[in-house]
Protein chains: 2
Amino acid sequence: MVLESTQVFQRNTAARGKVLQAIERQTGHFTAEDLSQQLPGVGRATVYRTLGVLTRSGYLCKVLLGGNTLHYQVSPEEHHHHLVCIECDRIVDVESCEVADYARETALAQGFQLQRHRLEVYGRCPSCQIG
Amino acid sequence: MVLESTQVFQRNTAARGKVLQAIERQTGHFTAEDLSQQLPGVGRATVYRTLGVLTRSGYLCKVLLGGNTLHYQVSPEEHHHHLVCIECDRIVDVESCEVADYARETALAQGFQLQRHRLEVYGRCPSCQIG
DNA sequence: ACATTAATGAGACTGAGTCTCATTACGGCG
DNA sequence: CGCCGTAATGAGACTCAGTCTCATTAATGT
Ligand SMILES: [Mn+2]
Ligand SMILES: [Mn+2]
Ligand SMILES: [Zn+2]
Ligand SMILES: [Zn+2]
């Protein structure tokens with residue numbers, strides 16, 4: 001997704017520009033605090049607010065790893081899913097997606113305007129298996 | 001799932017019995033704090049610890065609603081998914097599941113022992129739609 | 001230029017979740 | 001039984017991600 005700032009924000013500000021640049025610099029998942037530390041000139045609240053706006057707009061999506069800190073990632077092209085190890089929290093990205101149709105139908109059936117979906121598969125990774 | 005305490009805990013204690021009973025009393029989703037308030041005799045840390053054990057064992061699973069509080073629900077029979085409104089956080093339970101095969105194959109392909117999966121579909125609910 | 005008001009940011013605040021540690025009590029074994 | 005070893009407990013301190021407040025700044029339309 002190429003972000004059209006004008007559609008997401010009501011005003012184009014320097015702080016949001018910096019947050020946006022920092023997000024583009026990330027590889028993979030990141031937290032609000034990650035960004036905040038990389039942006040000493042931008043207030044913490046602004047980082048959180050901007051992540052909120054970008055998530056609501058669909059540009060970002062939340063990633064739920066083990067632990068209690070929310071992670072984000074740029075959402076669109078290369079939509080993918082996660083395999084999560086319930087023992088060690090290892091994450092494996094899964095690039096295929098065969099549930100898009102099902103997600104669309106499910107949303108439609110309840111009158112929802114579909115925005116996106118998340119599929120996470122949990123289990124034990126090879127190194128954490130027991131029996 | 002009928003819980004075999006002996007397989008999940010190393011010792012059978014009164015506190016865990018009470019937590020288990022309280023969980024059975026819940027309908028739908030609940031938080032650690034919900035349980036804690038219903039169990040004045042049981043320490044907060046014990047409630048959290050027991051939820052952790054039960055989740056790792058697969059008896060419970062986490063439910064991620066809007067907001068920053070983790071919810072739980074008893075996982076197995078009547079496995080279901082969630083439609084989540086990105087605007088008002090309304091949740092609609094979806095009872096069908098057509099992604100079980102895909103989840104199993106995905107786990108297998110990476111050598112994971114499948115435990116469960118979660119599918120959440122995000123969009124705008126009928127009352128929050130714009131255009 | 002000026003007015004309107006979206007956005008900012010310092011910092012106080014909240015509260016979910018974790019950790020510590022002294023104490024209790026399960027359960028295996030003699 | 002009665003003893004141990006140690007899993008589990010629980011009060012309460014602590015952490016820190018996320019929210020809120022509010023005075024100030026600055027983007028945008030006219
Ligand atoms: Mn990923
Ligand atoms: Mn549900
Ligand atoms: Zn693992
Ligand atoms: Zn809604």
Side-chain angles (χ1 to χ4, degrees), chain A residues 3-23 26 29-57 59-73 86-89, chain B residues 3-23 26 29-57 59-73 86-89:
Chain A
L3 189 61
E4 295 290 331
S5 302
T6 60
Q7 296 177 328
V8 173
F9 306 129
Q10 297 184 242
R11 293 184 187 179
N12 241 339
T13 67
R16 287 182 167 172
K18 288 179 195 162
V19 173
L20 242 17
Q21 284 174 15
I23 289 173
Q26 309 306 305
H29 318 125
F30 56 90
T31 65
E33 223 57 40
D34 290 341
L35 295 185
S36 195
Q37 284 171 14
Q38 297 168 28
L39 295 167
V42 179
R44 240 165 55 86
T46 298
V47 172
Y48 277 93
R49 278 187 293 238
T50 304
L51 288 178
V53 174
L54 293 176
T55 301
R56 256 170 277 127
S57 82
Y59 176 67
L60 293 179
C61 69
K62 298 175 181 177
V63 183
L64 303 144
L65 310 185
N68 51 351
T69 310
L70 199 46
H71 290 240
Y72 294 85
Q73 67 182 31
I86 55 173
E87 213 64 53
C88 72
D89 287 342
Chain B
L3 189 62
E4 295 288 331
S5 304
T6 60
Q7 296 176 327
V8 175
F9 306 128
Q10 298 184 242
R11 293 182 186 179
N12 241 337
T13 67
R16 286 182 168 173
K18 287 178 195 162
V19 174
L20 241 18
Q21 284 174 16
I23 289 173
Q26 308 307 305
H29 317 127
F30 55 90
T31 65
E33 224 56 41
D34 289 341
L35 294 186
S36 196
Q37 284 170 15
Q38 297 168 28
L39 295 167
V42 178
R44 240 166 54 87
T46 299
V47 172
Y48 278 93
R49 278 187 293 239
T50 304
L51 288 178
V53 174
L54 293 176
T55 301
R56 257 171 275 127
S57 82
Y59 176 66
L60 293 180
C61 68
K62 298 175 180 177
V63 183
L64 302 144
L65 310 185
N68 52 351
T69 310
L70 199 47
H71 290 241
Y72 294 85
Q73 66 181 30
I86 57 174
E87 214 63 54
C88 72
D89 287 343

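Quick note on labels: first sequence line is chain A, next is B, and so on, each numbered from 1.
- Side chain B:R49 to base D:dG10: a donor-acceptor pair is found below 3.5 Å.
- Counting all heavy atoms, side chain and backbone alike, B:L51 lies closest to B:L60 at CD2-CD1, 3.3 Å.
- Put simply, the side chain of A:S57 gets close to the backbone of A:L54: a donor and an acceptor are under 3.5 Å apart.
- Test A:Q26, A:H29, A:K62 against A:Q73 for side chain to side chain donor-acceptor pair (under 3.5 Å) and you get one pass: A:H29.
- Separating the CD1 atom in B:I23 from the OG1 atom in B:T50 is a distance of 7.5 Å, to the nearest 0.5 Å.
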task: Summarise protein proximity over nucleotides 12-17 of chain C in one line of letters, 5' to 3': B for base, S for sugar-phosphate only, - for none, counting protein heavy atoms closer than 4.0 Å.
output: ----SB

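- When all heavy atoms are compared, the tightest approach of A:K18 to A:L39 is O-CD2, 3.8 Å.
- Looking at the side chain of B:A45, the nearest of the listed nucleotides D:dG12, C:dG9, D:dA27 is D:dG12.
- The nucleotide whose nearest atom lies closest to any side-chain atom of A:T13 is, among C:dC26, C:dA7, D:dT9, C:dA7.
- When the side-chain nitrogen and oxygen atoms of A:R16 are compared with OP1 and OP2 of C:dT8, one or more of them lie within a distance under 4.0 Å.
- Atom-to-atom, CZ of A:F9 to P of D:dT28 comes out at 12 Å; the value is rounded to the nearest Å.
- The separation between A:K62 atom NZ and D:dA17 atom P is 16 Å, rounded to whole Å.
- The nearest pair of heavy atoms linking A:A15 to A:T46 is CB-CG2, 4.0 Å.
- To the nearest angstrom, P of D:dG10 lies 14 Å from CG of B:L35.
- When heavy atoms are screened at a 4.0 angstrom cut-off, B:G41 is found touching the sugar-phosphate backbone but no base atom.
- Of the candidates D:dG10, C:dT8, C:dC26, D:dG10 carries the atom nearest the B:V42 side chain, counting heavy atoms from C-beta on.
- Separation of atoms CZ (A:R16) and CD (A:Q21) is listed at 15.0 Å; rounding is to 0.5 Å.
- In this structure, A:L51 atom CG and C:dG9 atom P are separated by 14 Å, rounded to whole Å.
- Between B:K18 and B:R11, the residue anchored nearer the 5' end of DNA chain D, judged by the nucleotide with its closest heavy atom, is B:R11.
- The CD-C1' distance, from A:Q10 to D:dG29, rounds to 13 Å in whole Å.
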